[in-house]
Amino acid sequence: MRDGDELAVDVPLLADGGGHVPSAPAYPAASTRLYRDGVLVATRTGSPGRARFTLPQGRATCRVTSTVRRGGAPGTATGVTASWTFVSDTTAGIAPVPVSVVRFSPVLDTAGTAAADTTLRVPVTVLGAAAHGRTRSPDVSVSTDGGASWTRLPVERGAVTVRNPRADTGVSLRAELTDTEGRTLTQTVVDVYRTW
């Protein structure tokens, strides 16, 4: 949200399958950075996906990058990074800044894991400014080495099919999109689930 030269970020990076934001997790590291025309304006630490910034007056291309790292309990992502770019200008009052997120919704067991050496269909849902046809399908990639390397997956009928790796391996997913107004999102979830 933009209010004059103030920019408020409030896009929770962590949520359960029902969309509930965890109330008291441990975050070893959480930060949000704001760039204006490619120059770092400020960094805020603390609550992931939530921060306030003061911008110089005038129109500019902004990039907000928010990252959270946490412990690797089964069924919980160990890291999430989302980066949004958009054009913003000084406003006369409160005005929304339309951004998007992508939800990955694999059906997992009660421990948040999936069987190794099988295929798993993972629904991919675009929410926010790019939803309802305001973007083509996002580009989705998978990693089984903690994000060191990525393989593109085709999005078919609103989902990707992941070939699960060997047991006790984390499966990470990344989505990239551009909406019809040119705003972009790159979102990475490390260890969406683990195999057993």
Side-chain angles (χ1 to χ4, degrees), residues 1-3 5-56 60-86 88 94 96-106 108 111-113 122 124-130 138 140-150 169-177 183-194:
M1 177 172 19
R2 184 80 184 249
D3 186 0
D5 293 320
E6 299 293 315
L7 179 69
V9 179
D10 189 2
V11 185
L13 297 185
L14 301 170
D16 66 15
H20 307 102
V21 177
S23 58
Y27 303 125
S31 66
T32 301
R33 291 179 171 83
L34 171 65
Y35 298 82
R36 183 180 187 271
D37 289 335
V39 177
L40 179 64
V41 173
T43 301
R44 303 287 185 256
T45 58
S47 184
R50 293 190 168 109
R52 263 187 196 281
F53 299 96
T54 300
L55 282 162
T61 298
C62 296
R63 177 165 52 94
V64 174
T65 300
S66 193
T67 301
V68 61
R69 301 275 179 257
R70 64 178 182 171
T76 63
T78 58
V80 179
T81 299
S83 185
W84 302 272
T85 62
F86 51 90
S88 187
I94 297 173
V97 176
V99 296
S100 303
V101 295
V102 171
R103 177 178 285 276
F104 301 113
S105 306
L108 305 172
T113 58
V122 180
V124 177
T125 306
V126 177
L127 304 170
V140 176
S141 302
V142 64
S143 173
T144 57
D145 56 11
S149 62
W150 295 90
T169 302
V171 175
S172 305
L173 293 168
R174 181 175 63 198
E176 300 169 278
L177 63 79
R183 296 175 291 248
T184 70
L185 165 71
T186 301
Q187 179 180 320
T188 303
V189 185
V190 178
D191 295 335
V192 174
Y193 62 92
R194 295 191 71 79

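Note that the structure is a prediction, hence the values are computed from the model and not measured.
In this structure, Arg44 and Arg52 approach most closely via the heavy-atom pair NE-O, 2.9 Å. Here the closest non-hydrogen pair linking Gly79 and Arg69 is CA-NH1, 3.5 Å. Ser105 and Val122 make their closest contact through N-CG1, 4.0 Å (heavy atoms, listed as atom of the first residue, atom of the second, distance). Val99 approaches Phe86 most closely through the heavy-atom pair CG1-CD2, 4.4 Å. When all heavy atoms of Ser149 and Ser143 are compared, the closest pair comes out as O-OG, 2.9 Å. Minimum interatomic distance between Gly46 and Ala30 (heavy atoms only, all atoms of both residues): O-CB, 2.9 Å.
Contact of the Val64 side chain with the Leu7 side chain is registered, since non-hydrogen atoms from C-beta on lie closer than 4.5 Å. Contact check for Ile94 versus Met1: side-chain heavy atoms found under the 4.5 Å cut-off. Residues Thr113 and Tyr193 have side chains not in contact (no heavy-atom distance under 4.5 Å, counting atoms from C-beta outward). When side chains are defined from C-beta on, Arg2 counts as touching Leu55, because their heavy atoms get closer than 4.5 Å. No side-chain heavy atom of Val11 sits under 4.5 Å from any side-chain heavy atom of Ser66.
Partner of Val102 under the side-chain contact (heavy atoms from CB on, under 4.5 Å) criterion, chosen from Leu173, Val189, Val140, Val124: Val124.
Thr61 OG1 to Arg183 CZ: the interatomic distance, rounded to the nearest 0.5 Å, is 12.5 Å. From Ser100, atom OG reaches atom CD of Gln187 across 10.0 Å, with rounding to the nearest 0.5 Å. In this structure, the separation between CH2 on Trp150 and CG on Asp145 is 8.5 Å, given to the nearest 0.5 Å. The distance from the CG atom of Asp37 to the CZ atom of Arg63 is 11.5 Å, given to the nearest 0.5 Å. Annotation: the span from Thr85 atom OG1 to Leu185 atom CG amounts to 9.0 Å, rounded to 0.5 Å.
A donor-acceptor contact closer than 3.5 angstrom is absent between the side chains of Thr186 and Ser83. Checking Ser31 against Arg33 by side-chain atom types alone, a donor-acceptor pair falls below 3.5 Å.
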Decide side chain to side chain contact (heavy atoms under 4.5 Å, CB included) for Val171 and Phe104; before the verdict, give the C-alpha distance in whole Å, the side-chain angles of both, and the deciding distance to 0.1 Å.
CA-CA 12 Å; Val171 175; Phe104 301 113; over 6 Å; no
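In terms of modelled atom types and a separation under 3.5 Å, the side chain of Thr32 and the main chain of Ala51 share no donor-acceptor contact. Under the 3.5 Å distance criterion, the side-chain polar atoms of Ser172 are matched with a main-chain donor or acceptor of Asp191.
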